[in-house]
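Order of appearance sets the numbers: ligands from 1, and atoms from 1 within every ligand.
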Amino acid sequence: MGIDLHIHTIFSDGTLSPYETVEMAKEKGIDGLAITDHDEIGGVKEGLEAGEKFGVKVVPGAEFSAKYNEKTLHILGYFVDYENPKLIEFVAQMKEARLSRTIKIIDKLAEQGLYITLADVQENAGIGGIGRPHIATALINKGFIKDAHTAFNLYLGDGKPCHISKSNIGPEVIIQLIKEAKGVPVLAHPNLNKMDVYIPELVEMGMRGVEVWTPSQSQKEVKRYLEIVKKYNLIATGGSDSHGTRPGYPQIGEFSLPYIDMIGELEKEKNLNI
Ligand code: AMP
Ligand code: ZN
Ligand code: FE
Ligand code: FE
């Protein structure tokens, strides 16, 4: 029995549909998972239906981007009501913001002599909002670079010449949005975004959990975050951050956690919020 509370699908920059994700998870022995697309909830319904079919517990979720003190952070929203009108409106706005940011990034890439079109990106972006991995794929397909890692290191990564921010939305806005949609806000991969010093402030804003087990955090860091979780009475979560079969990320089943009752804890927290 395994659990994985951080998975992307074709509704953002993953490569599998929610149905395929759940089917694959079942095959790999995962019986509890969360669909957490970037700024997107469009895949949740399909995931829940597939969960019923395959006997996998599917948690509705999303991974929202925010900015705090000039730094990007990601906030997972678990058990959000994916029919909440405010959430639906927010997601639509973010999709627009991702599109206009893509156009700006394409202009910046052209300044570097890397010519791709919006159609080149959209071709591999599918139904969800456009993310930087889709832009990286367009650059690879055009033969400008060899892999996504190079694309991020040279051009697309935070602080690199073709980086453009999606938004300047603060974590307090995202946390409120998640709570209004009856969800539980959890700080994703704090070590990856160097968020440690801000955890007390984020808890003040209403953050209720920290992602402890994630491929970017070592055993030592896991220990440190477990102490933080205890200190602030938070929920510890974890997941693979799988993007389906996209290279550079764990495949589904490669980073699953032993079945500990994170889902139960999140559900209890959600019910306090109703
Ligand atoms: P976006 O939503 O457009 O900001 O893109 C976020 C995605 O880009 C996430 O899935 C990250 O895994 C990926 N990403 C961010 N920074 C890097 C990096 N330096 N190298 C590789 N992938 C990255
Ligand atoms: Zn992603
Ligand atoms: Fe993330
Ligand atoms: Fe993620």
Side-chain angles (χ1 to χ4, degrees), residues 4-16 21 33-43 59 61-67 71-78 91 93-106 108-109 118 121-122 124-140 145-169 174 185-195 210-211 213-217 237-252 254-255:
D4 184 346
L5 297 187
H6 191 147
I7 302 180
H8 297 272
T9 75
I10 48 166
F11 281 84
S12 59
D13 49 3
T15 62
L16 301 176
T21 299
L33 65 85
I35 306 259
T36 54
D37 279 307
H38 295 289
D39 300 315
E40 178 60 274
I41 45 168
V59 176
E63 182 181 23
F64 298 101
S65 300
K67 263 273 158 69
K71 278 189 183 173
T72 299
L73 70 152
H74 287 174
I75 300 172
L76 296 154
Y78 288 120
V91 161
Q93 281 169 8
M94 287 314 294
K95 210 166 172 174
E96 273 304 305
R98 283 176 173 276
L99 181 63
S100 46
R101 170 225 208 189
T102 303
I103 293 165
K104 288 184 195 149
I105 293 178
I106 288 172
K108 288 244 178 197
L109 287 167
L118 184 58
V121 179
Q122 278 169 328
N124 73 81
I127 23 195
I130 301 172
R132 284 175 287 168
H134 299 125
I135 302 171
T137 300
L139 288 167
I140 296 166
I145 43 143
K146 64 175 189 335
D147 56 27
H149 184 72
T150 311
F152 275 92
N153 268 355
L154 296 182
Y155 308 108
L156 304 175
D158 293 32
K160 303 295 172 177
C162 305
H163 178 258
I164 303 269
S165 266
K166 284 183 291 286
S167 70
N168 286 311
I169 297 166
I174 302 288
V186 172
L187 178 62
H189 44 64
N191 196 54
L192 191 63
N193 301 74
K194 307 280 171 280
M195 278 293 123
V210 165
E211 191 174 47
W213 299 275
T214 166
S216 58
Q217 288 168 189
T237 72
S240 65
D241 211 347
S242 172
H243 284 60
T245 57
R246 188 179 290 282
Y249 301 88
Q251 306 298 304
I252 287 168
E254 277 181 7
F255 186 93

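Taking 4.0 Å as the cut-off, Gly157 does not count as a neighbour of ligand 1 on heavy-atom distance. Taking 4.0 Å as the cut-off, Ala148 does not count as a neighbour of ligand 1 on heavy-atom distance.
Remark: of the listed residues Leu156, Ile145, Ile140, Ile145 is the sole one forming a side chain to side chain contact (heavy atoms under 4.5 Å, CB included) with Thr150. Partner of Arg132 under the side chain to side chain donor-acceptor pair (under 3.5 Å) criterion, out of Asp158, Asp13, Thr137: Asp158 alone.
Between Arg246, His38, Lys166, it is Lys166 that holds the heavy atom closest to atom 1 (P) of ligand 1.
When rounded to 10 degrees, the angle formed at the Fe ion (ligand 4) by OE1 (Glu63) and NE2 (His6) equals 90°. His8 contributes NE2 and Asp241 contributes OD1; the angle these two atoms make at the Fe ion (ligand 4) is 90°, rounded to 10°.
Ligand 1 places these atoms under 4.0 Å from at least one heavy atom of Asp13: 7 (C), 10 (O). Ligand-side atoms of ligand 1 in range of Gly131: 3 (O), range being under 4.0 angstrom from any heavy atom. Short contacts between ligand 1 and Arg98, defined as distances under 4.0 Å to a heavy atom of the residue, involve ligand atoms 1 (P), 2 (O), 3 (O). Close approach of ligand 1 to Pro133 is summarised as follows: ligand atoms under 4.0 Å from at least one heavy atom of the residue are 5 (O), 7 (C), 8 (O). If you number the atoms of ligand 1 from 1 as listed, the ones under 4.0 Å from a heavy atom of Arg101 come out as 1 (P), 3 (O), 4 (O). Close approach of ligand 1 to His243 (heavy-atom distance below 4.0 Å) involves ligand atoms 10 (O).
Residue Tyr249 places at least one N or O, backbone or side chain, under 3.5 Å from an N or O of ligand 1. When only interatomic distances are considered, the shortest N/O to N/O separation between His74 and ligand 1 does not fall below 3.5 Å.
Taking OG1 of Thr102 as the start and CG of Leu109 as the end, the distance is 10.5 Å to the nearest 0.5 Å. From Ile127, atom CD1 reaches atom OG1 of Thr9 across 7.0 Å, with rounding to the nearest 0.5 Å. Within the model, atoms CG of Leu16 and CD1 of Ile252 stand 5.0 Å from one another, a figure rounded to the nearest 0.5 Å. Note that CG of Asn124 is 9.5 Å distant from CD1 of Ile135, once rounded to the nearest 0.5 Å. With values rounded to the nearest 0.5 angstrom, Ile75 atom CD1 is found 9.0 Å from Met195 atom CE. Note that CD1 of Ile169 and NZ of Lys67 are 10.5 Å apart. Values are rounded to the nearest 0.5 Å.
Scored by the ring pair (Phe, Tyr, Trp, His ring centres under 6.0 Å) test, Phe255 finds no partners at all (sequence neighbours excluded).
Note on ring orientation: taking the six-membered ring where Trp is involved, the planes of His74 and His38 are perpendicular (angle over 60°, cut-offs 30° and 60°).
Taking a cutoff of 4.0 Å between a charged side-chain nitrogen and a carboxylate oxygen, Asp39 and Arg98 qualify as a salt bridge.
Looking at heavy atoms from C-beta onward, Asn193 lies out of side-chain contact with Leu187 at the 4.5 angstrom threshold.
Looking only at atom types and distance, the side chain of His6 has a donor-acceptor partner in the side chain of Asp241 under 3.5 Å away.
Taking a cut-off of 2.8 Å, the protein N, O or S atoms nearer than that to the Zn ion (ligand 2) are Asp13 OD1, Asp13 OD2, His38 NE2, His243 NE2.
Regarding atom 14 (N) of ligand 1, its nearest protein heavy-atom neighbour is Phe152 CE2, 3.4 Å.
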